[in-house]
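One structure is given below, encoded as structure tokens.
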Amino acid sequence: MPAIESARALLKNAKNIAVLTGAGISAESGIPTFRGASGLWKQFRPEELATPEAFARDPQTVWEWYHWRRKLIAGAKPNAGHLALARLEQGIPEFTLVTQNVDGLHQAAGSKAVLELHGSIWTVRCTQCPHEWMDRGTAEGRQLLYCRCGALARPGVVWFGEVLPPDIWREAEEAVKSCDLLLVIGTSAVVYPAAGLVPLARSSGARVMEINIERSPIANIIDLQLTGQAGHLLPELVEE
Ligand code: BV8
Ligand code: ZN
């Protein structure tokens, strides 16, 4: 039976679905993936830029990277993959969408139960006081942002070496432990603890299906692999 048929059958029998997405689901909205993005952006790698050390050492360069990405994301629209997941959520009583992305495109597509493991590029927070706020402005280049208290502000995202928001992480673990089907879409599955949700689903008895344009490290622990673009495959999967 073709993989898409088996995938449809898995979807039809699922009562409780969890989804884990990565940068790949936003690729067709014109947002380069991390491998693409870092390649595209002055040869920096996220592991070098998305860290508290990099920000302490050179906040202008880190803000320049985030201003560049905010501008890209501000001009991007959810693609057919994001929209298909929002439709799927409507048809399934128990549905949780866990994302590693900070672009907010799942919410823009109409998804409701979204857990942003790594925060949002649209929130900004103070480096000194507890103040955190939404900022949709598109400042230019190397401009630094400041809090009302006068201290330097930083992007409201989780950097490498930083802990994930504890309550969001706990909710994501619960969702994955209680689902009977986990869809893993557009992630290289190399960043932890997010990638650990896949073996956690398996050990909790869920079936796991992956949608990716290439083979990822989880390929040998999943039940079904659909190779192709999320923007093409998800509408086919969800339409039925
Ligand atoms: C933590 C937010 C510790 C910011 C991100 C050594 C030293 C230091 C740390 C570590 C270490 N070893 C391991 C670690 C832990 C580290 C980690 O996992 N490192 C990796 C690199 C090995 N993790 C952390 O540091 C985490 N925190 O561990 O805290 C701790 C514990 C206790 C107490 C104190 C501290 C924090 C990790 C979060 C980092 N923040 N982003 C921002 O976005 O600006 S991670 C960032 O990169 C993304 O959020 C995302 O999660 C990750 C990239 O992954 P993907 O989303 O998968 O994207 P990628 O480009 O890699 O892949 C795209 C995929 O899509 C590909 O497979 C491609 O084939 C596919 N694709 C492309 N197009 C399509 C497609 N698929 C379908 N359709 C298409 N059209
Ligand atoms: Zn402040």
Side-chain angles (χ1 to χ4, degrees), residues 20-41 44-55 62-63 65-70 72-73 79-82 84-85 98-105 116-133 145-166 168-169 172 183-198 209-219 225-235 237:
L20 172 66
T21 62
I25 194 159
S26 296
E28 290 154 87
S29 297
I31 300 173
T33 59
F34 275 80
R35 271 182 258 166
S38 52
L40 280 182
W41 205 77
F44 274 103
R45 289 178 337 111
E47 289 80 23
E48 288 158 7
L49 265 185
T51 68
E53 296 74 25
F55 187 74
V62 174
W63 263 119
W65 182 46
Y66 280 91
H67 289 322
W68 178 77
R69 287 172 66 203
R70 284 161 65 100
L72 258 182
I73 293 165
N79 63 58
H82 296 107
L85 288 178
V98 181
T99 188
Q100 302 171 83
N101 301 337
V102 297
D103 57 31
L105 290 181
E116 292 178 316
L117 294 182
H118 298 155
S120 162
I121 203 162
W122 297 117
T123 53
V124 177
R125 67 168 181 266
C126 184
T127 54
Q128 301 302 325
C129 80
H131 188 42
E132 172 167 301
W133 64 99
L145 301 190
Y146 292 90
C147 173
R148 60 192 182 199
C149 80
L152 182 61
R154 58 164 280 178
V157 298
V158 178
W159 280 330
F160 288 100
E162 294 187 322
V163 288
L164 277 58
I168 292 185
W169 175 245
L183 300 183
V184 183
I185 306 167
T187 182
S188 58
V190 295
V191 174
Y192 284 82
L197 293 172
V198 181
M209 181 195 318
E210 181 185 21
I211 290 181
N212 199 316
I213 53 171
E214 63 185 17
R215 216 173 138 68
S216 79
I218 59 168
Q225 156 85 30
L226 292 184
T227 303
Q229 295 196 310
H232 295 170
L233 287 172
L234 278 168
L237 210 54

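Order of listing sets the numbers, starting from 1, for every ligand and every atom in it. Computed from a predicted model, the values in this text were never measured in an experiment.
- When the heavy-atom distances from atom 33 (C) of ligand 1 to Val163, Thr33, Leu233 are ranked, the shortest goes to Val163.
- For atom 72 (C) of ligand 1, the candidate residues are Thr51, Leu234, Ile213; the nearest heavy-atom contact is made by Ile213.
- The distance from ligand 1 to the heavy atoms of Tyr66 drops below 4.0 Å at these ligand atoms: 4 (C), 42 (C), 44 (O).
- Residues Trp122 and Ile73 have side chains in contact (heavy-atom distance under 4.5 Å, counting atoms from C-beta outward).
- Only the side chain of Glu28 comes within 4.0 Å of ligand 1, counting heavy atoms alone; its backbone N, CA, C and O stay farther away.
- Taking all atoms of both residues into account, the shortest heavy-atom contact from Pro217 to Ala189 is CG-O, 4.1 Å.
- Under a 3.5 Å cut-off, the side chain of Asn101 and the backbone N or O of Gly22 do form a donor-acceptor pair.
- In this structure the side chain of Leu85 reaches within 4.5 angstrom of the side chain of Leu234, judged on heavy atoms.
- Of the candidates Gln100, Glu210, Arg45, His118, His118 brings a heavy atom nearest to atom 5 (C) of ligand 1.
- Here Leu152 contributes atom CG and Phe55 contributes atom CZ; the two are 4.0 Å apart, rounded to the nearest 0.5 Å.
- The shortest N or O to N or O distance between Asn212 and ligand 1 is below 3.5 Å.
- For the residue pair Trp133 and Cys147, the shortest heavy atom distance occurs at CH2-CA, 3.6 Å.
- Atom numbering of ligand 1 starts at 1 in the shown order; those under 4.0 Å from a heavy atom of Gly186 are 63 (C), 64 (C), 65 (O), 76 (N).
- Those atoms of ligand 1 with a heavy atom of Val190 less than 4.0 angstrom away are 18 (O), 20 (C), 22 (C).
- Using modelled atom types, no side-chain atom of Asn79 and backbone atom of Ser26 make a donor-acceptor pair closer than 3.5 Å.
- Among the atoms of Val102, none of the N or O lies under 3.5 angstrom from an N or O of ligand 1.
- Between Glu47 and ligand 1, no pair of N/O atoms sits closer than 3.5 Å.
- Checking Cys126 against the Zn ion (ligand 2), an N/O/S atom falls under the 2.8 Å cut-off.
- Using a 4.0 Å cut-off to heavy atoms of Trp159, the atoms of ligand 1 that qualify are 36 (C), 39 (C).
- Within the listing of ligand 1, atoms 55 (P), 56 (O), 58 (O) sit less than 4.0 angstrom from a heavy atom of Ala23.
- Between Val157 and Val102, the closest heavy-atom pair is CG1-CG1, 3.9 Å.
- Contacts of Ala27 with ligand 1, taken as heavy-atom pairs under 4.0 Å, involve the side chain alone.
- Listed here is the closest heavy atom pair of Thr187 and Glu210: O-OE2, 4.1 Å.
- Taking any N or O of Phe160, backbone or side chain, none lies under 3.5 Å from an N or O belonging to ligand 1.
- Distances below 4.0 Å separate heavy atoms of Arg69 from the following atoms of ligand 1: 42 (C), 43 (O), 44 (O).
- The two atoms that bring Ile185 and Ala230 nearest to each other are CG2-CB, 3.8 Å, heavy atoms only.
- In this structure a side-chain-to-backbone donor-acceptor pair under 3.5 Å is present from Trp63 to Ala153.
- The N/O atoms of Thr187, backbone and side chain alike, include one that comes under 3.5 Å of an N/O atom in ligand 1.
- When rounded to 10 degrees, the angle formed at the Zn ion (ligand 2) by SG (Cys129) and SG (Cys149) equals 120°.
- Neither the backbone nor the side chain of Ile121 comes within 4.0 Å of ligand 1, counting heavy atoms alone.
- Gly161 counts as a contact of ligand 1, since one of its heavy atoms falls under 4.0 Å from the ligand.
- Heavy-atom contacts of Gly22 reach the following atoms of ligand 1: 56 (O) (cutoff under 4.0 Å).
- Atom numbering of ligand 1 starts at 1 in the shown order; those under 4.0 Å from a heavy atom of Glu214 are 69 (O).
- Proximity of Ile25 to His82: side-chain heavy atoms (C-beta onward) are separated by under 4.5 Å at one or more points.
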Original post:
Between His232 and Glu28, does a side chain to side chain contact (heavy atoms under 4.5 Å, CB included) hold up when you go through it step by step?
Top reply: CA-CA 10 Å; His232 295 170; Glu28 290 154 87; 4.0 Å; yes
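- Judged purely by atom type and a 3.5 angstrom limit, His118 uses its side chain to pair as donor or acceptor with the backbone of Gln100.
- Note: no N/O pair closer than 3.5 Å links Asn101 and ligand 1 by distance alone.
- The shortest N/O to N/O separation between Ile211 and ligand 1 does not fall below 3.5 Å.
- Nearest heavy atom pair, residue Asp103 against residue Ile121, reads CA-CG2, 4.5 Å.
- Taking only nitrogen or oxygen atoms, main chain and side chain alike, Val157 does not reach within less than 3.5 Å of ligand 1.
- Under 4.0 Å from ligand 1, heavy atoms of Val191 appear from its side chain as well as its backbone.
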